[in-house]
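Down below is the structure, laid out as structure tokens.
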Amino acid sequence: MSDYYDRVYDVVAQIPEGRVTTYGAIARFLGITSGARMVGYALNSATEKPIPAHRVVNRNGELTGRSHFPGDTMRERLQQEDIGFVDDYQIDIETHFWDPNDRKS
DNA sequence: GACCTGACGGTAC
DNA sequence: GGTACCGCCAGGT
């Protein structure tokens, strides 16, 4: 069943502080290149999970999922981790991008 | 049981 | 270069 949900949680939970990743990167890491949507959907159920879902943004670095966070929790939390913002709700994804495949366990 | 929607991404026009 | 449409899989109604 939603095994891949757990994998999403596992990957997201391993995102280093001050780093972010994208839905596509996680999806591709799980083997579903076009399943980025599913990753986001998984995180939808992960809002109550002990994972830094705020470190996951879309391919454009936009905080698309901030709507699921109370207030500006997502934005403020990222700023606390020294994440560079190019816009009020868009981070410097190219600078802080973290690929799941690059994790060192 | 069937249909619709949903934290996105890539390709086509 | 920008906009539009289609594709992926699962869950909720």
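Residue numbers start from 1 in every chain, and the chains themselves are labelled A, B, ... in the order their sequence lines are given, proteins ahead of strands.
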Is there a donor-acceptor pair under 3.5 Å between the side chain of Gln90(A) and the backbone N or O of Asn60(A)?
-> yes
Nearest to the side chain of Met38(A) - dA7(B), dG6(B), dC8(B)?
-> dG6(B)
For the side chain of Arg37(A) and the base of dG7(C), is some donor closer than 3.5 Å to an acceptor across the two?
-> yes
Among the nucleotides dA7(B), dG10(B), dC9(C), whichever has the atom closest to the side chain of Arg59(A) is dG10(B)
Between dG10(B) atom P and Asn60(A) atom CG, what is the distance in whole Å?
-> 11 Å
For Val20(A), which of Leu63(A), Val56(A), Leu78(A), Thr95(A) qualifies under side chain to side chain contact (heavy atoms under 4.5 Å, CB included)?
-> Leu78(A)
So CG of Asp72(A) and CG of Asp88(A): to nearest 0.5 Å the spacing works out to 9.0 Å
Between P of dA7(B) and CZ of Arg77(A), the distance in whole Å = 21 Å
Rounded to whole angstrom units, what separation is found between the CD1 atom of Ile32(A) and the P atom of dA10(C)?
-> 8 Å
Indicate, with a heavy-atom threshold strictly under 4.0 Å, whether Ala53(A) touches base, sugar-phosphate, or nothing.
-> base
Rounded distance (Å) that lies between atom C1' of dG6(B) and atom CG of Asn58(A) | 15 Å
Interatomic distance where CG belongs to Leu30(A) and C1' belongs to dC8(B) [whole Å] | 14 Å
Residue among Arg55(A), His68(A), His54(A) satisfying side chain to side chain contact (heavy atoms under 4.5 Å, CB included) with Met74(A) | His54(A)
Ignoring the backbone of Tyr41(A), work out which of dC9(C), dC8(B), dA10(C) is nearest its side chain.
-> dA10(C)
Whole-Å distance separating the CG atom of Asn44(A) from the P atom of dC4(B) | 20 Å
Let me know the distance between CZ of Arg7(A) and P of dC9(C), rounded to the nearest Å.
-> 14 Å
Quick one: do Glu81(A) and Arg19(A) make a salt bridge, cutoff under 4.0 Å?
-> no
If only side-chain N and O atoms of Thr64(A) are considered, is one of them under 4.0 Å from the OP1 or OP2 phosphate oxygen of dC8(B)?
-> yes
Take the protein atom CD of Glu62(A) and the nucleotide atom P of dC8(B), then report the distance between them rounded to whole Å.
-> 10 Å
Listed nucleotide nearest any side-chain atom of Ala36(A), set dC8(C), dG9(B), dG12(C) | dG9(B)
